Peer 1: 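My structure is below; once you've seen it, I'll send some questions.
Nothing here was measured: the structure is a model prediction, and the numbers come from that model.
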Amino acid sequence: MTIGDLIRLLSDGEFHSGEQLGEQLGVSRAAVWKQLQKLESLGIPMEAVKGQGYRLTERLELLDGRAVVAGLSREARPHLTRLFVEETLPSSNAYLRERFAQGAGHGEVCLVEQQSEGRGRRGRTWVTPWGRTLMLSIGWRVEAGIAALEGLSLALGVVLARVLERHGAAPRLKWPNDVLLKQADGELGKLAGILVEISGDAAGPCEVVVGMGINVDLPQAFRECIDQPVAAVHDQAPGLSRNALAAALLDELLPLLAGFEQQGFAAWQDEWNARHAYAGCEVEILQRGEREAAIAGDVDEAGNLWVRQGERQRRLAGGEISVRRRA
């Protein structure tokens, strides 16, 4: 019995007794009770009524690998080697890095309901509630070397923005790898983070693991525990399911990865600049523990961000640099 098995039974809107759940899952009532306690610890809303049993107070959509694959177009499907759907992992990116170590990984995708050790840029933790986000990683092998991947994380952000725009949302892009969404109070909250990890020869073959962490449906109580403004897909696109979002993203991400060595970021530059969250705004540059004020400009064909400091034009090339809007 897994958490997913229990959720499937409890999310039908009906009450189920512990005895019924045990019979349907083939386990003891004590085992059911332990899993019910686990649901509560994961923050999954559940209702218990004496004499009737248990049910989820709101339906959770579980990830469905078959539905995701069925949603892919003829163009994207040949690029998918294998799709993994997991309930919990330390990290979906780490999972695919291990697949590369085993001689696989290329064209493989991993979706996971919850990560226990998910990371963002600069080693920061990416916290995820169970079943409320879309955690997606893709493995890809590149022959041309690391230089051919300049600007990749920005192009990935454009794809996510495109998909959400088709469903009525209006995301903005924050250099170098965040996707933002305006909240009810007008403030931009973090919707998604993108992490690109590369290993191999700088001038030859290398392996890339692309990770996306996307907030889909965040309970208010969870948002209040986060130390920065956050947003979720359902804030502006409430009808978009996680499986439909995964399929739509892979439908564009797989062809993007297949052609990025030849196209480069230049093919995505104008689209990124058109969605630039802080273009022309005063920002803070955080580098090596120091803060500097600047006016943000556009990104160039390599994905570098240009800023103005007085009369001086300066190019930022990522790495350990972070940019945020000044309050």
Side-chain angles (χ1 to χ4, degrees), residues 1-72 83-89 92 109-116 118 127-136 164 167-169 184 191 213-226 230-250:
M1 176 180 66
T2 67
I3 289 289
D5 294 331
L6 185 56
I7 287 174
R8 286 184 185 92
L9 291 176
L10 293 176
S11 63
D12 63 359
E14 303 295 327
F15 282 100
H16 299 263
S17 70
E19 184 177 356
Q20 290 171 333
L21 291 170
E23 289 176 358
Q24 289 173 292
L25 295 169
V27 297
S28 67
R29 290 182 65 179
V32 169
W33 175 243
K34 286 182 181 178
Q35 290 293 72
L36 289 169
Q37 289 181 308
K38 192 171 182 180
L39 289 187
E40 191 173 6
S41 71
L42 290 170
I44 297 173
M46 185 176 59
E47 184 179 6
V49 177
K50 190 173 181 179
Q52 295 187 62
Y54 310 89
R55 70 177 179 183
L56 297 190
T57 55
E58 53 188 277
R59 187 177 180 86
L60 281 181
E61 180 202 11
L62 298 174
L63 294 170
D64 183 340
R66 290 185 180 180
V68 172
V69 173
L72 297 181
L83 174 66
F84 298 93
V85 178
E86 305 291 333
E87 287 201 358
T88 57
L89 286 174
S92 54
V109 173
C110 180
L111 306 177
V112 61
E113 295 285 5
Q114 185 183 50
Q115 295 189 143
S116 59
V127 182
T128 63
W130 204 98
R132 302 279 191 165
T133 61
L134 180 60
M135 311 302 295
L136 178 154
L164 294 178
H167 292 271
L191 172 74
I214 307 163
N215 299 325
V216 177
D217 179 24
L218 293 185
Q220 187 58 37
F222 185 84
R223 296 177 192 235
E224 292 169 359
C225 297
I226 306 297
V230 292
V233 170
H234 286 176
D235 294 349
Q236 292 189 8
L240 181 56
S241 77
R242 287 199 301 155
N243 288 301
L245 176 58
L249 280 171
L250 290 174

Peer 1: Under the side chain to side chain contact (heavy atoms under 4.5 Å, CB included) rule, what do V85 and C110 come out as? Steps first, then yes or no, please.
Peer 2: CA-CA 6 Å; V85 178; C110 180; over 6 Å; no
Peer 1: Is the shortest heavy-atom distance from the side chain of L56 to the side chain of E47 under 4.5 Å?
Peer 2: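 Counting from C-beta outward, L56 and E47 never come under 4.5 Å.
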Peer 1: Could you grab the distance from atom CZ of R223 to atom CD of Q220, nearest 0.5 Å is fine?
Peer 2: 6.0 Å
Peer 1: Can you tell me how far the CG atom of L6 sits from the CG atom of L25, to the nearest 0.5 Å?
Peer 2: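 Output value for this atom pair is 6.0 Å.
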Peer 1: Heavy-atom count check: over 12 atoms from other residues, nucleotides or ligands less than 6.0 Å from Q52 CD?
Peer 2: yes
Peer 1: Any heavy-atom pair between the side chains of L134 and L249 that's under 4.5 Å?
Peer 2: yes
Peer 1: Determine yes or no for a side-chain-to-main-chain donor-acceptor pair under 3.5 angstrom, with N215 supplying the side chain and A231 the backbone.
Peer 2: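 Yes; at least one donor-acceptor contact below 3.5 Å.
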Peer 1: Do side-chain atoms of E87 reach the backbone of T2 as a donor and acceptor pair under 3.5 angstrom?
Peer 2: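 Checked: no pair found.
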Peer 1: To the nearest 0.5 Å, how far apart are OH in Y54 and CD in E40?
Peer 2: 10.5 Å
Peer 1: Which atom names give the shortest non-hydrogen contact between F222 and P129, and what distance separates them?
Peer 2: CZ-CD, 3.5 Å
Peer 1: Between L21 and V27, is any pair of side-chain heavy atoms under 4.5 Å apart?
Peer 2: no
Peer 1: With heavy-atom distances below 4.5 Å as the criterion, would you say the side chains of L164 and L240 are in contact?
Peer 2: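 Sidechains of L240 and L164: in contact.
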Peer 1: Given the rule in the side chain to side chain contact (heavy atoms under 4.5 Å, CB included) test, do L136 and L250 qualify, once you have shown the distances and angles that lead to the verdict?
Peer 2: CA-CA 9 Å; L136 178 154; L250 290 174; 4.1 Å; yes
Peer 1: Rounded to the nearest 0.5 Å, what separates atom CD in E86 from atom CD in E113?
Peer 2: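 With rounding to 0.5 Å, CD (E86) is 10.5 Å from CD (E113).
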Peer 1: Distance from R59 atom CZ to I7 atom CD1, nearest 0.5 Å?
Peer 2: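 Output value for this atom pair is 11.0 Å.
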Peer 1: Within a strict 4.5 Å, meaning less than it, do heavy atoms of the V112 and F84 side chains meet?
Peer 2: no
Peer 1: Measure the shortest side-chain to side-chain distance between V216 and R132 over non-hydrogen atoms and say whether it is less than 4.5 angstrom.
Peer 2: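 In short, these two side chains do not touch, never coming nearer than 4.5 Å.
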Peer 1: With K38, which residues qualify under side-chain contact (heavy atoms from CB on, under 4.5 Å), at least two apart?
Peer 2: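 Result, side-chain contact (heavy atoms from CB on, under 4.5 Å) vs K38: I3, Q35, S41, L42.
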Peer 1: Check L191 against A232 and note the closest heavy-atom contact, atom names and distance.
Peer 2: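 Here L191 and A232 meet closest at CD1-C, 3.4 Å.
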Peer 1: Under 4.5 Å between any side-chain heavy atoms of S92 and Q115, yes or no?
Peer 2: yes
Peer 1: Looking at N243 and L62, would you say the former's side chain and the latter's main chain have a donor-acceptor pair under 3.5 Å?
Peer 2: yes
Peer 1: First locate atom CG of L10, then atom CE of M46, and finally report the distance between them rounded to the nearest 0.5 Å.
Peer 2: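 Interatomic distance, L10 CG to M46 CE, rounded to 0.5 Å: 7.5 Å.
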Peer 1: Answer whether the closest heavy-atom distance between the side chains of S241 and L245 falls below 4.5 Å.
Peer 2: no
Peer 1: Tell me if a side-chain donor or acceptor on R242 pairs with a main-chain N or O of T133 at a distance below 3.5 Å.
Peer 2: yes
Peer 1: So, the side chain of H234 versus the backbone of G239: is there a donor-acceptor pair under 3.5 Å, distance only?
Peer 2: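 Side chain of H234 to backbone of G239: no pair is present.
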Peer 1: Donor-acceptor check, side chain of R55 to backbone of H16, threshold 3.5 angstrom: yes or no?
Peer 2: no
Peer 1: If you look at every heavy atom in G53 and F15, which pair is closest and at what distance?
Peer 2: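 G53 and F15 have their closest heavy atoms at O-CD2, 3.6 Å.
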Peer 1: Provide the closest heavy-atom pair for A247 versus V68 in the form atom of the first, atom of the second, distance.
Peer 2: CB-O, 3.6 Å
